Amino acid sequence: MEPLTSLLAASIAFVGTHFALSHPFRAPLVKALGPAGFSLLYSVVAAACMVWMYFAFVAAPAGGLGGTGETGWAISTVLTLPALVLFLGSLRGNPALPAPGAEKLAQRDPSGVFAVTRHPMMWGFALWAISHIVLWWSWRTNIVALAILVLALVGAHMQDRKKKALMGAAWEGWEAKTGYWPRWSKLPGAGPVLWLAAIAVWLGITWWHIAAGGIPAGIWRWIG
C-alpha cells in the first residue's frame with residue numbers, strides 16, 4: 001500500500017476504533033470481557049493503530065507542500081503554548097477522566113482550565129493539531145493532525161453524551177456550569193504555577209523537536 005494511503009487508513013482506523021470502543025461497543029464488551037479485559041482490548045487496539053500510523057508516517061514523504069512561511073510558524077508557536085496549558089491543567093481534578101470520585105469533582109465550581117472549557121484536554125489536542133495544519137508542511141503531517149482534530153472535537157461531544165448516561169445529574173450539573181466552546185478570556189486566569197509549568201514544558205518540547213524532526217520549532221526557530 002502506498003505510504004500516504006496507508007497513513008490515511010491507519011488514521012481512520014485509530015479514530016474509528018476509538019469512537020467505536022468508547023461508545024457503541026463499550027457496554028457489551030465490558031459485559032463480555034469485564035472491565036479489565038475491556039481495558040486490555042482497548043489498549044491493544046489503540047497501540048496497534050498507533051504503531052501502524054507511526055510506520056506509515058515515517059515511510060510517507062516529508063515536506064512537499066511549500067508551507068506558510070514565517071507567518072505560519074508564528075501562529076503555530078503561539079497556539080502550542082495554550083495547548084499545553086489546557087492539557088496540563090486537565091490532568092488534575094478532571095471529572096471527565098475515568099477515576100474514582102468523578103461525580104464529586106463535577107459538583108464543584110469550575111476553576112482553572114475548567115473555567116475555560118469542560119474539555120481542556122480535548123481542546124489542547126485540537127490546538128496542537130491546528131498548529132501543525134497551519135504550517136501546511138506535508139500531507140503526512142496534515143493527515144495525522146486532522147485525525148487528532150476530529151478525535152478531539154467530535155470525541156468531546158460524544159464524551160458529553162457518554163458521561164451524562166454514566167453520571168446522570170452530576171454531569172448535567174457540570175455541563176450547566178461549563179462550556180464546550182472555550183472562553184479564551186478566562187485562560188490567563190488558569191494560574192501562574194500552571195502557566196510556568198506549561199512554559200517550561202513548551203520550551204523543552206520545542207527544543208526536542210529539533211532532534212526528533214530535524215526542524216527548529218517554537219522560539220528556537222528564531223533564537224536557536
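Fair warning: this is a prediction, and the values are worked out from it, not measured in the lab.
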Heavy-atom pair of closest approach, residues [X] and [Y]:
{"X": "A156", "Y": "M122", "result": "CB-CG, 4.0 Å"}
{"X": "R140", "Y": "V58", "result": "NH1-O, 3.9 Å"}
{"X": "A129", "Y": "A145", "result": "CB-O, 3.1 Å"}
{"X": "A190", "Y": "W195", "result": "CB-NE1, 4.0 Å"}
{"X": "A106", "Y": "M167", "result": "CB-CE, 4.0 Å"}

Is it true that atom [atom1] of [X] has more than 12 heavy atoms of other residues, nucleotides or ligands lying nearer than 6.0 Å?
{"X": "R183", "atom1": "CZ", "value": "yes"}
{"X": "K162", "atom1": "NZ", "value": "yes"}
{"X": "M50", "atom1": "CE", "value": "no"}

Subject >> Set of residues satisfying ring-ring contact (aromatic ring centres under 6.0 Å, His included) with respect to H209, sequence neighbours excluded >> reply: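 Once residues adjacent in sequence are excluded, H209 has no partner under the ring-ring contact (aromatic ring centres under 6.0 Å, His included) criterion.
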
**OP:** Taking ring-ring contact (aromatic ring centres under 6.0 Å, His included) as the test, write out the residues that go with W208, two or more places apart.
**Re:**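 Applying ring-ring contact (aromatic ring centres under 6.0 Å, His included) to W208 gives none.
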
With a 3.5 Å distance limit and no angle check, can you tell me whether [X] reaches the backbone of [Y] through a side-chain donor-acceptor pair?
{"X": "K177", "Y": "Q107", "value": "yes"}
{"X": "S90", "Y": "P120", "value": "no"}
{"X": "R108", "Y": "G93", "value": "yes"}
{"X": "H132", "Y": "W128", "value": "yes"}
{"X": "S76", "Y": "S131", "value": "yes"}
{"X": "T117", "Y": "G179", "value": "yes"}

**OP:** For residues 58-109, pull every pair meeting ring-ring contact (aromatic ring centres under 6.0 Å, His included), keeping only residues two or more places apart or in separate chains.
**Re:**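 Qualifying pairs, neighbours excluded: F87-F125.
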
Original post:
Under the ring-ring contact (aromatic ring centres under 6.0 Å, His included) rule, what pairs show up with a residue in residues 4-32, not counting sequence neighbours?
Top reply: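 Output for this query lists H18-Y42.
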
Original post:
Between E70 and R221, does at least one N-O distance fall below 4.0 Å, as a salt bridge requires?
Top reply: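 Counted as a salt bridge, because a side-chain N and a carboxylate O are separated by less than 4.0 Å.
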
**OP:** Before giving the answer on side chain to side chain contact (heavy atoms under 4.5 Å, CB included), spell out for V134 and T71 the whole-Å C-alpha distance, their side-chain angles and the decisive distance to 0.1 Å.
**Re:** CA-CA 9 Å; V134 297; T71 299; over 6 Å; no

Look up atom [atom1] in [X] and atom [atom2] in [Y], then write down how far apart they are to the nearest 0.5 Å.
{"X": "L21", "Y": "S39", "atom1": "CG", "atom2": "OG", "answer": "11.0 Å"}
{"X": "I205", "Y": "T80", "atom1": "CD1", "atom2": "OG1", "answer": "8.5 Å"}
{"X": "F38", "Y": "L33", "atom1": "CZ", "atom2": "CG", "answer": "8.5 Å"}
{"X": "R92", "Y": "L194", "atom1": "CZ", "atom2": "CG", "answer": "11.0 Å"}
{"X": "D160", "Y": "Y180", "atom1": "CG", "atom2": "OH", "answer": "8.5 Å"}
{"X": "I133", "Y": "I75", "atom1": "CD1", "atom2": "CD1", "answer": "13.0 Å"}

Would you kindly confirm whether [X] and [Y] end up in one hydrophobic cluster when ILVMFWY residues are joined by side chain heavy atoms under 4.5 Å apart?
{"X": "L4", "Y": "F55", "result": "no"}
{"X": "W136", "Y": "L149", "result": "yes"}
{"X": "V85", "Y": "L97", "result": "yes"}
{"X": "L153", "Y": "V116", "result": "yes"}
{"X": "L187", "Y": "W181", "result": "yes"}

Original post:
Between I199 and L81, does a side chain to side chain contact (heavy atoms under 4.5 Å, CB included) hold up when you go through it step by step?
Top reply: CA-CA 7 Å; I199 290 171; L81 180 54; 4.0 Å; yes

**OP:** Enumerate the residue pairs fulfilling side chain to side chain donor-acceptor pair (under 3.5 Å) with a member in residues 1-13, sequence neighbours excluded, ordered by first and then second residue.
**Re:**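 Every side chain to side chain donor-acceptor pair (under 3.5 Å) pair that includes a residue of residues 1-13, provided the two are not neighbours, is E2-T5, S6-W52.
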
**OP:** Show your working on side chain to side chain contact (heavy atoms under 4.5 Å, CB included) between T77 and W202 and close with a plain yes or no.
**Re:** CA-CA 10 Å; T77 298; W202 178 67; 3.5 Å; yes

Subject >> Mutual orientation of the aromatic rings belonging to W174 and W171 [parallel < 30°, tilted 30-60°, perpendicular > 60°] >> reply: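 Tilted, since the angle between the ring planes falls between 30° and 60°.
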
**OP:** May I ask you to decide if the ring planes of W184 and W123 are parallel, tilted or perpendicular, using 30° and 60° as cut-offs?
**Re:**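 W184 and W123: perpendicular rings.
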
**OP:** Would you tell me whether S138 and T141 have side-chain atoms, one donor and one acceptor, within less than 3.5 Å of each other?
**Re:**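 A donor-acceptor contact under 3.5 Å links the two side chains.
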
Original post:
Does N94 have any side-chain hydrogen bond (donor to acceptor under 3.5 Å, both in side chains) partners at least two apart in sequence or in another chain, and if so, which?
Top reply: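 side-chain hydrogen bond (donor to acceptor under 3.5 Å, both in side chains) list for N94, sorted by chain: empty.
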
